[in-house]
Amino acid sequence: MAMPIRQSIKVASYLFEQKLRKRDKFPLIVELEPLFACNLACEGCGKIQHPAGVLKQRMPVAQAVGAVLESGAPMVSIAGGEPLMHPQIDEIVRQLVAKKKYVFLCTNAMLLRKKIEKFTPSPFFAFAVHIDGMRERHDESVAKEGVFDEAVAAIKEAKKRGFRVTTNSTFFNTDTPQTVIEVLNFLNDDLQVDEMMLSPAYAYEKAPDQEHFLGVEQTRELFKKTFAGGNRSRWRLNHSPLFLDFLEGKVDFPCTAWAIPNYSLFGWQRPCYLMSDGYVPTYRELIEETDWEKYGRGRDPRCANCMAHCGYEPTAVLATMGSLKESLRAMRETASGNRG
């Protein structure tokens, strides 16, 4: 499955506009991090490793919204840290939605039921709840018991109130096809979330756990077996068909990290949110002064095992839009999901 039809049309129109303007680098979605603080200490994340003074900082609303508008991206993924800890996160969302940006608020959902009254359902807005497995597996990954149950309760409450709810699941070398299938079946069939995003874990340099990230061949084998038997076509996956092909090893792509730039308290991060080769104050500087050709598998050794969506999903989207055959394929899969 691909993205909802309305969103697909907006993204397609945006891509066509970039082609008319002969732009070779442009953002599809901005990764916005208005804070680094979090109420969990996940083993695979290094955001809370920042000094205490940095963890206390909160990005002003005008700065957060201004960065997105500066980039011109049609979509925004608000992450962190835990965005719901930001005292003005609802205002950031409200202003971005008013600009008709598609906004995904990434959250571990521990504060969601408490904060949900601050938000209003909109076709331009979705909660993106992080779920890495069933109860035992998920609670282990976030190093706290009870998180899975709270996340499930929060998803049900948000759905009941009319919000779009998506999920984001990261898989490690401790996962098997069966554990992946179990959680995706649960999210798709039992919770009936609107869409699911998945990604192989990347060896984020500040993460406490450096032993359980997937290599390229491990990733391909995991998803090839996971997608077998018609699962892939049945699940409401928030990915282009070509990216799913990429995860299975059917196709390979270069990295286009410039298409999902990261903006945080430090500025625009080079080259992506998983690697830090410095920051610049403006989006233009990020695009024009970064040597993008030196990044990606086969170019930078740090990228050797990366198959993360932030680098390769946009390549797949661009390849889809550049091929009539793949565009029709994506349209068929979107239509089969009956999503508007």
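These values consider heavy atoms only, across backbone and side chains, with no hydrogens, waters or symmetry-generated copies. Keep in mind that what you see is a predicted model, and the values were worked out from it rather than measured.
- There is a side-chain donor-acceptor pair under 3.5 Å between Thr282 and Glu285.
- Although no hydrogens or angles enter the test, the distance criterion places a donor-acceptor pair under 3.5 Å between the side chain of Arg299 and the main chain of Glu293.
- In this model, a donor atom of one side chain and an acceptor atom of the other lie less than 3.5 Å apart for Ser240 and Glu313.
- Listed for the Asn238 side chain is no donor-acceptor partner under 3.5 Å among the backbone atoms of Glu195.
- Side chain of Gln269 to main chain of Cys272: a donor-acceptor pair is present (N/O by atom type, distance under 3.5 Å, no hydrogens or angles).
- Between Ala64 and Ile92, the shortest heavy-atom distance links the atoms CB-CD1, 4.0 Å.
- Taken from CG in Leu247 to OG1 in Thr219, the straight-line distance is 7.5 Å, to the nearest 0.5 Å.
- In terms of heavy-atom proximity, Arg270 sits nearest to Thr290 at NE-OG1, 2.9 Å.
- One N or O on the side chain of Asp175 and one on the backbone of Phe172 form a donor-acceptor pair closer than 3.5 Å.
- Judged by distance alone, the side chain of Ser264 and the main-chain N or O of Phe266 form a donor-acceptor pair under 3.5 Å.
- Residues satisfying the side-chain hydrogen bond (donor to acceptor under 3.5 Å, both in side chains) test with Gln63, not counting sequence neighbours, are Tyr263.
- The local environment of CD in Glu145 is sparse, with at most 12 non-hydrogen atoms from other residues, nucleotides or ligands closer than 6.0 Å.
- Within 6.0 Å of NZ on Lys144 lie no more than 12 heavy atoms contributed by other residues, nucleotides or ligands.
- Applying the salt bridge (charged side-chain N to carboxylate O under 4.0 Å, His left out) rule to pairs touching residues 239-264 yields Arg220-Asp252, Arg232-Asp245, Arg232-Glu248, Asp245-Arg329, Glu248-Lys250, Asp252-Arg297, sequence neighbours excluded.
- Formation of a donor-acceptor pair under 3.5 Å by the Gln18 side chain with backbone atoms of Tyr14 is found in this model.
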